[in-house]
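Remember, it's 1-based here, ligands and their atoms both numbered in the order they're listed.
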Amino acid sequence: MLIIKSLKSLAEIYVALDFEDKQQALSFLQNNNLAGIPVKTGMELFYREGPRIIHDLKEKGHPVFLDLKLHDIPQTVKRAMKNLASLGVDVVNVHASGGKEMIQAAREGLREGSINENSRPVLLAVTQLTSTDQNMLTNELLIPHSVKENVAHLAELSRAGGADGVVCSVEETKIVKQVCGSEFLTLTPGIRQQNETNHDQKRVASPHKAGGEGTDAIVVGRSITQAQSPETTYKQIREEFLNGQQ
Ligand code: C5P
(Lines give C-alpha, C1' and ligand atoms only; values in the text may rest on other atoms or scores of the structure.)
Protein backbone atom coordinates (compact mmCIF):
# COMPACT_ATOMS: atom_id res chain seq x y z
CA MET A 1 0.00 0.00 0.00
CA LEU A 2 1.35 3.42 -0.95
CA ILE A 3 1.14 5.80 1.99
CA ILE A 4 1.40 9.46 1.08
CA LYS A 5 3.07 11.40 3.87
CA SER A 6 0.80 14.17 5.08
CA LEU A 7 2.52 17.50 5.63
CA LYS A 8 -0.37 18.60 7.76
CA SER A 9 -0.47 18.59 11.54
CA LEU A 10 -2.89 19.33 14.37
CA ALA A 11 -2.62 21.11 17.71
CA GLU A 12 -2.63 18.74 20.71
CA ILE A 13 -5.91 19.80 22.25
CA TYR A 14 -8.87 21.77 20.92
CA VAL A 15 -11.39 23.16 23.38
CA ALA A 16 -14.94 22.85 22.01
CA LEU A 17 -16.61 26.26 22.28
CA ASP A 18 -20.14 24.86 22.49
CA PHE A 19 -21.66 28.16 23.62
CA GLU A 20 -24.86 29.89 22.57
CA ASP A 21 -23.23 33.01 21.23
CA LYS A 22 -20.01 34.84 20.54
CA GLN A 23 -20.13 36.92 23.69
CA GLN A 24 -20.27 33.82 25.91
CA ALA A 25 -17.49 32.12 23.98
CA LEU A 26 -15.12 35.08 24.00
CA SER A 27 -15.84 35.89 27.67
CA PHE A 28 -15.15 32.28 28.59
CA LEU A 29 -11.71 32.43 26.93
CA GLN A 30 -10.85 35.81 28.38
CA ASN A 31 -12.10 35.20 31.94
CA ASN A 32 -10.21 31.92 32.20
CA ASN A 33 -6.82 33.01 30.85
CA LEU A 34 -7.18 30.84 27.78
CA ALA A 35 -5.91 33.42 25.30
CA GLY A 36 -4.69 31.97 22.03
CA ILE A 37 -5.45 28.30 22.79
CA PRO A 38 -6.60 26.06 19.90
CA VAL A 39 -10.41 26.00 19.80
CA LYS A 40 -13.18 24.17 18.02
CA THR A 41 -16.20 26.08 16.76
CA GLY A 42 -19.19 23.90 16.00
CA MET A 43 -22.58 24.33 14.39
CA GLU A 44 -24.22 25.98 17.39
CA LEU A 45 -21.92 28.98 17.43
CA PHE A 46 -21.20 29.22 13.69
CA TYR A 47 -24.85 29.06 12.63
CA ARG A 48 -25.65 31.86 15.04
CA GLU A 49 -22.67 34.14 14.48
CA GLY A 50 -21.46 33.26 10.98
CA PRO A 51 -17.95 34.03 9.69
CA ARG A 52 -17.39 36.89 12.14
CA ILE A 53 -16.81 34.42 14.99
CA ILE A 54 -13.93 32.94 12.97
CA HIS A 55 -12.60 36.39 12.24
CA ASP A 56 -12.67 37.36 15.93
CA LEU A 57 -11.02 34.14 17.10
CA LYS A 58 -8.28 34.36 14.46
CA GLU A 59 -7.68 37.99 15.33
CA LYS A 60 -7.06 36.90 18.92
CA GLY A 61 -4.55 34.30 17.73
CA HIS A 62 -6.58 31.10 18.22
CA PRO A 63 -5.96 28.18 15.86
CA VAL A 64 -9.51 27.29 14.76
CA PHE A 65 -11.06 23.93 13.96
CA LEU A 66 -14.39 24.65 12.26
CA ASP A 67 -16.46 21.54 12.97
CA LEU A 68 -19.40 21.67 10.56
CA LYS A 69 -19.26 18.02 9.40
CA LEU A 70 -20.30 18.61 5.81
CA HIS A 71 -22.26 15.84 4.07
CA ASP A 72 -23.86 16.62 0.69
CA ILE A 73 -23.37 16.00 -3.03
CA PRO A 74 -19.75 16.49 -4.15
CA GLN A 75 -20.25 19.81 -6.03
CA THR A 76 -22.03 21.42 -3.07
CA VAL A 77 -19.36 20.28 -0.65
CA LYS A 78 -16.61 21.51 -2.98
CA ARG A 79 -18.08 25.01 -3.22
CA ALA A 80 -18.83 25.17 0.49
CA MET A 81 -15.26 24.14 1.31
CA LYS A 82 -13.87 26.80 -0.98
CA ASN A 83 -15.78 29.36 1.06
CA LEU A 84 -14.67 27.89 4.39
CA ALA A 85 -11.02 27.86 3.31
CA SER A 86 -11.23 31.55 2.49
CA LEU A 87 -12.17 32.25 6.13
CA GLY A 88 -8.66 31.23 7.17
CA VAL A 89 -9.70 28.32 9.42
CA ASP A 90 -7.04 25.74 10.26
CA VAL A 91 -9.07 22.52 10.33
CA VAL A 92 -12.41 21.51 8.75
CA ASN A 93 -14.32 18.25 8.37
CA VAL A 94 -16.82 16.19 6.41
CA HIS A 95 -18.70 12.98 7.17
CA ALA A 96 -16.73 10.07 5.70
CA SER A 97 -20.01 8.34 4.87
CA GLY A 98 -20.50 10.96 2.13
CA GLY A 99 -18.13 8.79 0.08
CA LYS A 100 -14.78 9.06 -1.69
CA GLU A 101 -15.93 11.41 -4.44
CA MET A 102 -17.36 13.83 -1.90
CA ILE A 103 -14.12 13.76 0.14
CA GLN A 104 -12.08 14.41 -3.01
CA ALA A 105 -14.38 17.31 -3.85
CA ALA A 106 -13.92 18.72 -0.34
CA ARG A 107 -10.17 18.61 -0.74
CA GLU A 108 -10.35 20.31 -4.17
CA GLY A 109 -12.60 23.03 -2.79
CA LEU A 110 -10.22 23.68 0.09
CA ARG A 111 -7.30 23.94 -2.31
CA GLU A 112 -9.20 26.37 -4.52
CA GLY A 113 -10.06 28.56 -1.55
CA SER A 114 -6.46 28.67 -0.26
CA ILE A 115 -3.45 30.60 -1.51
CA ASN A 116 -1.40 27.40 -1.79
CA GLU A 117 -1.29 23.80 -0.59
CA ASN A 118 0.66 24.81 2.54
CA SER A 119 -2.04 27.18 3.68
CA ARG A 120 -4.87 24.76 2.87
CA PRO A 121 -6.87 23.83 6.01
CA VAL A 122 -6.42 20.30 7.35
CA LEU A 123 -9.24 18.08 6.07
CA LEU A 124 -10.61 15.50 8.50
CA ALA A 125 -13.41 13.00 7.90
CA VAL A 126 -15.73 11.95 10.71
CA THR A 127 -15.98 8.15 10.82
CA GLN A 128 -18.60 7.30 13.42
CA LEU A 129 -19.60 9.91 15.99
CA THR A 130 -18.45 9.18 19.52
CA SER A 131 -22.12 9.27 20.52
CA THR A 132 -22.69 6.17 18.35
CA ASP A 133 -22.33 2.71 19.92
CA GLN A 134 -22.55 -0.85 18.61
CA ASN A 135 -26.26 -1.08 19.33
CA MET A 136 -27.02 2.00 17.24
CA LEU A 137 -24.76 0.87 14.39
CA THR A 138 -26.39 -2.57 14.26
CA ASN A 139 -30.01 -1.82 15.05
CA GLU A 140 -30.58 1.71 13.78
CA LEU A 141 -28.11 2.11 10.93
CA LEU A 142 -28.23 -1.60 9.94
CA ILE A 143 -24.46 -1.75 9.42
CA PRO A 144 -23.48 -5.43 9.82
CA HIS A 145 -19.94 -4.80 11.17
CA SER A 146 -18.31 -3.96 14.46
CA VAL A 147 -17.73 -0.26 15.20
CA LYS A 148 -14.00 -0.88 14.87
CA GLU A 149 -14.28 -2.55 11.45
CA ASN A 150 -16.60 0.16 10.20
CA VAL A 151 -14.35 2.96 11.44
CA ALA A 152 -11.28 1.28 9.88
CA HIS A 153 -13.13 0.98 6.57
CA LEU A 154 -14.25 4.63 6.63
CA ALA A 155 -10.71 5.71 7.51
CA GLU A 156 -9.30 3.87 4.46
CA LEU A 157 -11.97 5.44 2.30
CA SER A 158 -11.12 8.89 3.70
CA ARG A 159 -7.43 8.43 3.04
CA ALA A 160 -8.17 7.30 -0.53
CA GLY A 161 -10.30 10.43 -0.99
CA GLY A 162 -7.45 12.69 0.10
CA ALA A 163 -8.39 13.50 3.70
CA ASP A 164 -5.46 14.27 6.00
CA GLY A 165 -6.98 12.25 8.81
CA VAL A 166 -10.13 11.18 10.60
CA VAL A 167 -12.20 11.88 13.67
CA CYS A 168 -12.72 8.65 15.61
CA SER A 169 -12.83 7.49 19.22
CA VAL A 170 -9.72 6.55 21.21
CA GLU A 171 -10.74 2.88 20.88
CA GLU A 172 -10.17 2.96 17.13
CA THR A 173 -7.00 5.08 16.96
CA LYS A 174 -4.64 2.10 16.76
CA ILE A 175 -6.50 0.31 14.00
CA VAL A 176 -6.77 3.52 11.97
CA LYS A 177 -3.01 4.00 12.23
CA GLN A 178 -2.44 0.35 11.26
CA VAL A 179 -4.67 0.57 8.22
CA CYS A 180 -3.79 4.09 7.02
CA GLY A 181 -0.24 4.60 8.30
CA SER A 182 1.11 6.52 11.27
CA GLU A 183 1.19 9.85 9.40
CA PHE A 184 -2.57 9.75 8.84
CA LEU A 185 -3.98 12.06 11.51
CA THR A 186 -6.45 10.99 14.19
CA LEU A 187 -8.43 13.42 16.31
CA THR A 188 -10.57 12.07 19.13
CA PRO A 189 -13.47 13.62 21.02
CA GLY A 190 -15.31 11.77 23.80
CA ILE A 191 -12.61 12.58 26.35
CA ARG A 192 -13.55 12.26 30.01
CA GLN A 193 -11.54 12.36 33.22
CA GLN A 194 -12.18 9.71 35.89
CA ASN A 195 -15.52 9.89 37.77
CA GLU A 196 -17.00 12.30 35.26
CA THR A 197 -20.39 11.99 33.57
CA ASN A 198 -20.33 10.84 29.92
CA HIS A 199 -23.21 13.18 28.93
CA ASP A 200 -24.41 12.00 25.48
CA GLN A 201 -21.05 10.42 24.57
CA LYS A 202 -20.79 6.61 24.36
CA ARG A 203 -17.23 5.78 23.21
CA VAL A 204 -15.24 7.68 25.84
CA ALA A 205 -11.67 7.51 27.17
CA SER A 206 -9.38 9.45 29.51
CA PRO A 207 -6.81 11.95 28.22
CA HIS A 208 -4.04 9.60 29.41
CA LYS A 209 -5.44 6.67 27.45
CA ALA A 210 -5.86 8.89 24.38
CA GLY A 211 -2.18 9.77 24.56
CA GLY A 212 -1.16 6.15 25.07
CA GLU A 213 -3.19 4.93 22.10
CA GLY A 214 -1.32 7.38 19.86
CA THR A 215 -4.04 9.83 18.91
CA ASP A 216 -2.64 13.05 17.46
CA ALA A 217 -5.15 15.44 19.00
CA ILE A 218 -8.06 15.49 21.40
CA VAL A 219 -11.19 17.62 21.49
CA VAL A 220 -12.54 18.47 24.92
CA GLY A 221 -15.72 20.38 25.55
CA ARG A 222 -17.86 20.18 28.66
CA SER A 223 -15.09 18.73 30.90
CA ILE A 224 -13.36 22.09 30.53
CA THR A 225 -16.15 24.57 29.79
CA GLN A 226 -18.25 23.35 32.74
CA ALA A 227 -15.34 22.84 35.16
CA GLN A 228 -15.05 24.82 38.38
CA SER A 229 -11.71 26.10 37.15
CA PRO A 230 -11.50 25.75 33.36
CA GLU A 231 -7.91 27.00 33.29
CA THR A 232 -6.68 24.38 35.79
CA THR A 233 -8.67 21.60 34.13
CA TYR A 234 -7.35 22.58 30.69
CA LYS A 235 -3.77 22.37 31.96
CA GLN A 236 -4.43 19.05 33.77
CA ILE A 237 -6.02 17.43 30.73
CA ARG A 238 -3.24 18.64 28.44
CA GLU A 239 -0.58 17.31 30.81
CA GLU A 240 -2.38 13.95 31.20
CA PHE A 241 -2.63 13.62 27.43
CA LEU A 242 1.06 14.45 26.89
CA ASN A 243 2.14 12.11 29.75
CA GLY A 244 0.14 9.32 28.15
CA GLN A 245 2.13 9.78 24.94
CA GLN A 246 5.44 9.03 26.66
O1 C5P B 1 -18.43 18.18 25.62
P2 C5P B 1 -17.69 17.14 24.84
O3 C5P B 1 -16.24 16.97 25.25
O4 C5P B 1 -18.44 15.83 24.77
O5 C5P B 1 -17.66 17.74 23.37
C6 C5P B 1 -17.16 17.05 22.27
C7 C5P B 1 -17.22 17.93 21.07
O8 C5P B 1 -16.71 17.19 19.97
C9 C5P B 1 -18.61 18.40 20.67
O10 C5P B 1 -18.48 19.74 20.20
C11 C5P B 1 -19.02 17.49 19.54
O12 C5P B 1 -19.83 18.13 18.58
C13 C5P B 1 -17.68 17.13 18.92
N14 C5P B 1 -17.59 15.84 18.24
C15 C5P B 1 -17.90 14.63 18.85
N16 C5P B 1 -17.80 13.45 18.16
C17 C5P B 1 -17.37 13.45 16.89
C18 C5P B 1 -17.04 14.66 16.28
C19 C5P B 1 -17.15 15.86 16.98
O20 C5P B 1 -18.24 14.62 20.02
N21 C5P B 1 -17.20 12.32 16.25
Side-chain angles (χ1 to χ4, degrees), residues 10-21 24-25 28-29 32 34 37-49 53-54 57 62-71 89-98 103 122-134 136-137 141 143 147-148 150-152 154-155 158 163-173 176 185-210 213 215-227 230 233-234 236-238 240-241:
L10 294 166
E12 289 140 358
I13 163 166
Y14 293 86
V15 173
L17 297 178
D18 294 325
F19 292 102
E20 255 177 49
D21 58 33
Q24 283 185 33
F28 167 78
L29 292 166
N32 293 294
L34 296 172
I37 62 158
V39 292
K40 183 182 83 74
T41 302
M43 300 179 200
E44 186 182 1
L45 200 51
F46 190 78
Y47 291 162
R48 171 135 184 175
E49 303 290 352
I53 180 68
I54 306 299
L57 288 166
H62 295 276
V64 176
F65 168 18
L66 182 54
D67 177 23
L68 297 182
K69 303 184 182 72
L70 275 62
H71 189 170
V89 293
D90 301 277
V91 187
V92 293
N93 58 3
V94 293
H95 270 292
S97 52
I103 299 167
V122 174
L123 174 62
L124 300 179
V126 179
T127 54
Q128 288 295 345
L129 296 170
T130 38
S131 55
T132 301
D133 61 7
Q134 188 63 53
M136 184 177 159
L137 201 73
L141 305 180
I143 294 174
V147 173
K148 230 178 216 175
N150 183 245
V151 168
L154 291 171
S158 305
D164 302 297
V166 287
V167 183
C168 60
S169 91
V170 169
E171 290 159 39
E172 299 102 33
T173 300
V176 168
L185 301 168
T186 53
L187 174 138
T188 58
I191 302 298
R192 292 293 180 276
Q193 287 181 298
Q194 263 181 353
N195 304 325
E196 244 196 303
T197 166
N198 287 353
H199 302 104
D200 51 352
Q201 299 282 21
K202 305 255 171 53
R203 297 180 356 260
V204 301
S206 69
H208 191 266
K209 173 127 197 257
E213 294 292 304
T215 196
D216 297 284
I218 55 175
V219 167
V220 187
R222 288 161 289 190
S223 303
I224 292 175
T225 55
Q226 294 178 11
T233 308
Y234 173 75
Q236 269 171 4
I237 289 180
R238 186 169 181 276
E240 258 192 63
F241 176 56

Sub-4.0 Å heavy-atom approach of Val167 to ligand 1: yes
Any atom of ligand 1 sitting under 4.0 Å from a heavy atom of Arg192?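 Arg192 counts as a contact of ligand 1 under the 4.0 Å cut-off.
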Look at [atom] and say which protein heavy atom is nearest, naming residue and atom and giving the distance to 0.1 Å.
atom: atom 20 (O) of ligand 1; answer: Gln201 NE2, 2.8 Å
atom: atom 18 (C) of ligand 1; answer: Lys69 CE, 3.5 Å
atom: atom 17 (C) of ligand 1; answer: Pro189 CG, 3.5 Å
atom: atom 3 (O) of ligand 1; answer: Gly221 N, 2.8 Å
atom: atom 9 (C) of ligand 1; answer: Asp18 OD2, 3.4 Å
atom: atom 16 (N) of ligand 1; answer: Thr130 OG1, 2.9 Å

Check: residues 186-193 side-chain donor-acceptor pairs under 3.5 Å, at least two apart:
| unit_1 | atom_1 | unit_2 | atom_2 | d |
| --- | --- | --- | --- | --- |
| Thr186 | OG1 | Thr215 | OG1 | 3.4 |
| Thr186 | OG1 | Asp216 | N | 3.4 |
| Thr186 | OG1 | Asp216 | OD2 | 3.3 |
| Thr188 | OG1 | Thr215 | OG1 | 3.4 |
| Arg192 | NE | Thr197 | O | 3.1 |
| Arg192 | NH2 | His199 | ND1 | 3.1 |
| Gln193 | NE2 | Glu240 | OE2 | 3.4 |

Listed pairs under 3.5 Å, donor-acceptor, residues 38-47 side chains, sequence neighbours left out:
| unit_1 | atom_1 | unit_2 | atom_2 | d |
| --- | --- | --- | --- | --- |
| Lys40 | NZ | Asp67 | OD2 | 2.5 |

Smallest separation among heavy atoms of [X] and [Y], with atom names:
X: Thr225; Y: Ala16; answer: CG2-O, 3.7 Å
X: Thr130; Y: Ser169; answer: CG2-CB, 3.6 Å
X: Ser131; Y: Asp200; answer: CB-O, 3.4 Å

Heavy-atom check, side chain of Ile103 versus side chain of Val94, under 4.5 Å: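 Sidechains of Val94 and Ile103: in contact.
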Fit a plane to each ring of Phe28 and Phe19, take the angle between them on a 0 to 90° scale, and name the class: parallel (under 30°), tilted (30 to 60°) or perpendicular (over 60°). tilted
Qualifying residue, where the test is side chain to side chain donor-acceptor pair (under 3.5 Å) with Glu172 and the options are Arg203, Gln128, Lys148: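 Result: among Arg203, Gln128, Lys148, Arg203 is the only option passing the side chain to side chain donor-acceptor pair (under 3.5 Å) with Glu172.
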Measure Asp67 to ligand 1 on non-hydrogen atoms and call it side chain, backbone, both or neither using the 4.0 Å cut-off. side chain
Can you tell me which portion of Lys40 lies within the under-4.0 Å heavy-atom range of ligand 1? Options are side chain, backbone, both, or neither. side chain
Report, in ascending order of atom number, the atoms of ligand 1 lying under 4.0 Å from any heavy atom of [X].
X: Val219; answer: 7 (C), 8 (O)
X: Arg222; answer: 1 (O), 2 (P), 3 (O), 4 (O)
X: Leu129; answer: 17 (C), 21 (N)

Going by an N to O cut-off under 4.0 Å, is there a salt bridge joining Arg222 and Glu196? no
